[in-house]
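Labels below follow one simple rule: chain letters A, B, ... track the order of the sequence lines, proteins then strands, and each chain is numbered from 1. All values below were derived from every heavy atom in this structure, side-chain atoms included, with hydrogens, water molecules and symmetry-related copies excluded.
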2 protein chains.
Amino acid sequence: MYGALIAIVAENQMPENTTKKSDSAEQSPLSAGRAKVTINDIARLANVSKKTVSRVLNDHPIVRAETRAKVKQIMAEQGYAPDPQARALAFRRSFLIALAYDNPSPQYVVNMQRGILDELEGSDYQLVLHPVDRSAANFSEKLERFVERHRPAGVIMPPSVSEDEALCEMLRSQSCPYVRIASRDLDTPAHMVRTHDADGAAQAARHLASLGHKRIAHIHGPKSFRSAHERLAGFKDGLKEFELELDDALTIEAGYTFDSGVRAADNLLSRSKRPTAIFAGNDEMAIGIYSSARKLGLKIPDDLSIVGFDDTPMASRIAPALTTVRLPIRDMGGEAARALLKLIARQEVTENQSFNPEIIVRESTRSLA
Amino acid sequence: MYGALIAIVAENQMPENTTKKSDSAEQSPLSAGRAKVTINDIARLANVSKKTVSRVLNDHPIVRAETRAKVKQIMAEQGYAPDPQARALAFRRSFLIALAYDNPSPQYVVNMQRGILDELEGSDYQLVLHPVDRSAANFSEKLERFVERHRPAGVIMPPSVSEDEALCEMLRSQSCPYVRIASRDLDTPAHMVRTHDADGAAQAARHLASLGHKRIAHIHGPKSFRSAHERLAGFKDGLKEFELELDDALTIEAGYTFDSGVRAADNLLSRSKRPTAIFAGNDEMAIGIYSSARKLGLKIPDDLSIVGFDDTPMASRIAPALTTVRLPIRDMGGEAARALLKLIARQEVTENQSFNPEIIVRESTRSLA
DNA sequence: CTGAAAGCGCTTACAG
DNA sequence: CTGAAAGCGCTTACAG
């Protein structure tokens, strides 16, 4: 009690009160006061203008090293951090990073979020969520409205949002930095984080072919997803290495969902000459094949080998455990955030990291005895 | 081309240029200009002060109906929307709603996010993500720093973050509105969205008891989660209705994860007098029991009945499909957001909706023949 | 019921 | 290398 009282009295007697009135509120930055420390307090304490403090804050090169050190020290002493709202207003852009996504897999979405958050940690940027329904007529306008009004620092787009050229054109016209995660080079290297889906699918093909399978089917995702094309193409290429060709009659489109996987498998497995192996474009559909096979009394992997794509948690928990192709989603999110931060800081970006999938062999595949 | 040119010329000849200089930038709100419409433009066009426009914006009651209508009409004509950054600076609070969460289930997290986003749609509020690691020493300081600096409009906390009293005390001391989703009344009704976990667990108990099971085990979640206690207590109560008592020796704590479920089930099922039914505190652990049973050659539901909690997508996809207790996570998120918005608007809140779980009977349970 | 002034806490544009 | 002035687009506090 007394300590605090004395401190206040001392404060009121200090000569700095006789200095010319600054436009900051009267407050005592040295006491453990409730009022927030502002740029004006730092400027006063360092005997410089607020503009100089601002220069230090923004790492502007033209500040004397001595001045810079002094300002930095006082900022540290006072626990000063600039107000993001004030900077946003002056900068005409906010400290929001938007994730615009439409991937239906919760595991994918959560991992992507985590990867981005890993990278944003400690920065002033906040991750805001913008789920997108690409089948809705006005989805593009909604995002545009958000960008116009909130002026985000940047936008990250995983597939299939990343494949929307009109959306990216809109972001460009708003001068909004963005990074696209996709299975093809859709943009300049600085704006791309590439995944090599085709390569992963080729690994799946080699695995099945080397086990002796010949009548191999493929259930791929919707044509509206680039990844569906890439995985199909890669799978074909992988088979070709073994002098095998993917039969069109054994190639079916489905919706990347469990139910669509069940239906596609029902179709394939009820044929007189059913395939001995199926490569599914993602794990959800692969699990659907399990369900269909069970219904028809087929044993996995004895009667049917299955390979998925994604390596969701379910893949390792289901029986028999699913052989699948894994993409490091979290790392991809991290790289996208890193790339975006560089773009925002107008740093030179030549190329970002690209990601190779890896096949995880488990129990759902076996050699055709 | 000519149209645009003429419009510009006309603009420069218009008498309004001779009106006294306003502090807004010179711009043409009537042309399809690139420059943004501001409060000053609306004020000028409506022949009122910007303060009056501000009053209309904030639904301040003391504005003449006529004036209000005129201002609103002009705002609509100009497609005006106030700048969130500017409002944030003046209001001393941002338009961010933070989700502070630590639930390990991706499905839970994504559903919760969706429910909140449903409700925030159309508003100016943005959902920002704040995953929390309650086992980290500084998790509370990190959130406090965020609240101090970004002054979010509010915070939503699902379990187990919602059970952290110190965190809520911090939010209160920062005058930051918040809503807690929890299985007990931890706060005043306005700050609570209640789930009746105990009731759901009682339904599981009644279901198993009515199937004739007597040697019933329970694998519950970590003691650090309120829900683990609630579900245990509710399960005991449900059994009591059938004159059954939960055997302490058949009650095991695990970690709400697949692996911990496997270990707990290994323990229970390898005993000489093994249980005929197990109620798991969540689906993850229930799926773990499947794995353990398979290892030991036990058939579900013939040799062992299993009930889970959550109704994750996996529950209906695994074979045999899991009987489980469902909580409407997405709706809960929506209600939490609605409650928070009311708190932010300082509306009178007496009580929020509470949520009852519902048992979904599938194939993993059967009567003890 | 309405408005002019000052302010929120920063940055930009211009001087020196 | 440094600073005084003006501004970002709103709201609060005070008058009338």
Side-chain angles (χ1 to χ4, degrees), chain A residues 20-27 29 35-71 75 78 80-95 124 148-151 153, chain B residues 20-27 29 35-71 75 78 80-95 124 148-151 153:
Chain A
K20 76 173 196 303
K21 209 164 55 176
S22 90
D23 57 355
S24 80
E26 299 292 349
Q27 63 182 41
K36 212 172 80 171
V37 180
T38 74
I39 197 173
N40 290 303
D41 301 312
I42 303 299
R44 179 162 41 80
L45 258 27
N47 268 314
V48 296
S49 73
K50 57 205 269 195
K51 177 58 201 156
T52 297
V53 179
S54 172
R55 286 198 182 93
V56 173
L57 233 34
N58 293 291
D59 280 321
H60 194 98
I62 312 185
V63 177
R64 227 176 7 145
E66 202 180 322
T67 311
R68 180 189 305 278
K70 185 175 174 192
V71 170
M75 293 197 308
Q78 300 294 319
Y80 170 72
D83 183 311
Q85 333 296 342
R87 300 187 93 190
L89 180 59
F91 271 138
R92 284 160 203 78
R93 76 176 169 67
S94 70
F95 285 83
D124 241 348
E148 275 179 0
R149 302 205 45 204
H150 288 269
R151 301 193 214 84
Chain B
K20 76 174 197 302
K21 209 163 55 176
S22 89
D23 58 353
S24 81
E26 299 292 350
Q27 64 182 42
K36 213 173 78 171
V37 181
T38 73
I39 196 172
N40 291 303
D41 300 313
I42 303 299
R44 179 162 42 79
L45 257 28
N47 268 314
V48 297
S49 74
K50 57 205 271 196
K51 177 58 201 157
T52 296
V53 179
S54 171
R55 286 198 181 93
V56 172
L57 232 35
N58 292 292
D59 279 322
H60 194 99
I62 311 186
V63 177
R64 232 182 356 150
E66 202 180 321
T67 312
R68 179 189 306 277
K70 184 175 175 194
V71 170
M75 293 198 307
Q78 300 295 319
Y80 169 71
D83 184 312
Q85 332 298 341
R87 299 187 94 190
L89 181 58
F91 271 138
R92 285 160 201 76
R93 76 178 170 64
S94 69
F95 285 83
D124 241 348
E148 276 179 359
R149 302 206 44 201
H150 288 268
R151 301 192 215 84

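Atom CD of Glu148(A) is separated from atom P of dG9(D) by 14 Å (rounded to the nearest Å). Asp124(A) has its CG atom 16 Å from the P atom of dG9(C), to the nearest Å. In this structure, CZ of Phe95(A) is placed 12 Å from C1' of dG9(C), rounded to the nearest angstrom. At whole-Å resolution of the value, CG in Leu89(A) and C1' in dA6(D) are 13 Å apart. Atoms CD (Gln78(B)) and C1' (dG9(D)) sit 16 Å apart, rounded to a whole Å. Across the protein-nucleic acid pair, Asp83(B) atom CG and dG7(D) atom C1' stand 13 Å apart, rounded to whole Å. The separation between Asn40(B) atom CG and dC8(D) atom P is 8 Å, rounded to whole Å. At whole-Å resolution of the value, CZ in Arg93(B) and P in dG9(C) are 16 Å apart.
Rounded to the nearest 0.5 Å, atoms CG (Leu57(A)) and CE (Met75(A)) are 5.5 Å apart. The line from CG of Asn40(B) to OG of Ser49(B) is 10.5 Å long, rounded to the nearest 0.5 Å. Taking CZ from Arg68(B) and OG1 from Thr52(B), the interatomic distance works out to 10.5 Å, rounded to the nearest 0.5 Å. Note: Ile39(A) CD1 to Arg87(A) CZ = 8.5 Å, rounded to the nearest 0.5 Å. Distance check, rounded to the nearest 0.5 Å: CG of Asp41(B) to NZ of Lys50(B) gives 11.0 Å.
The shortest distance between the side-chain N/O atoms of Thr52(A) and the OP1/OP2 oxygens of dG3(D) is below 4.0 Å. Contact between the side-chain N/O atoms of Tyr80(B) and the OP1/OP2 oxygens of dC10(D) is found at a separation under 4.0 Å.
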Nucleotide N/O to protein N/O under 3.5 Å, stretch nucleotides 11-13 of chain D:
residue: dT11(D); atom: OP1; partner: Asn58(B); partner atom: OD1; Å: 3.3
residue: dT11(D); atom: OP1; partner: Asn58(B); partner atom: ND2; Å: 2.7
residue: dT11(D); atom: OP1; partner: Arg87(B); partner atom: NE; Å: 3.2
residue: dT11(D); atom: OP1; partner: Arg87(B); partner atom: NH2; Å: 3.2
residue: dT11(D); atom: OP2; partner: Ser54(B); partner atom: OG; Å: 2.4

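When the side chain to side chain contact (heavy atoms under 4.5 Å, CB included) test is applied to Asp124(B), the partners found at least two apart in sequence or on another chain are Arg149(A), His150(A), Pro84(B), Phe95(B). Not counting sequence neighbours, the partners of Arg64(B) by the salt bridge (Lys or Arg N to Asp or Glu O under 4.0 Å) test are Glu66(B). Take Ala90(A) and apply the side chain to side chain contact (heavy atoms under 4.5 Å, CB included) test, not counting sequence neighbours, and it matches no residue.
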- Show the numbers, then the answer: is there a side chain to side chain contact (heavy atoms under 4.5 Å, CB included) between Asn58(B) and Phe91(B)? CA-CA 11 Å; Asn58(B) 292 292; Phe91(B) 271 138; 3.4 Å; yes
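Where pairing requires Watson-Crick or G-U contacts shorter than 3.5 Å, the helical stems of DNA chain D with at least three consecutive pairs are C:1-3 with D:14-16, C:5-12 with D:5-12, C:14-16 with D:1-3.
Checked against Asp83(A) for a salt bridge (Lys or Arg N to Asp or Glu O under 4.0 Å), the options Arg151(B), Arg92(B), Arg93(B) give a single hit: Arg151(B).
Listed by residue number, Ile62(A), Val63(A), Arg64(A), Thr67(A) are the residues of residues 60-70 of chain A with a heavy-atom contact under 4.0 Å to DNA chain D.
Side-chain contact between Arg55(B) and Ile62(B) is absent, with no heavy atoms from C-beta onward closer than 4.5 Å.
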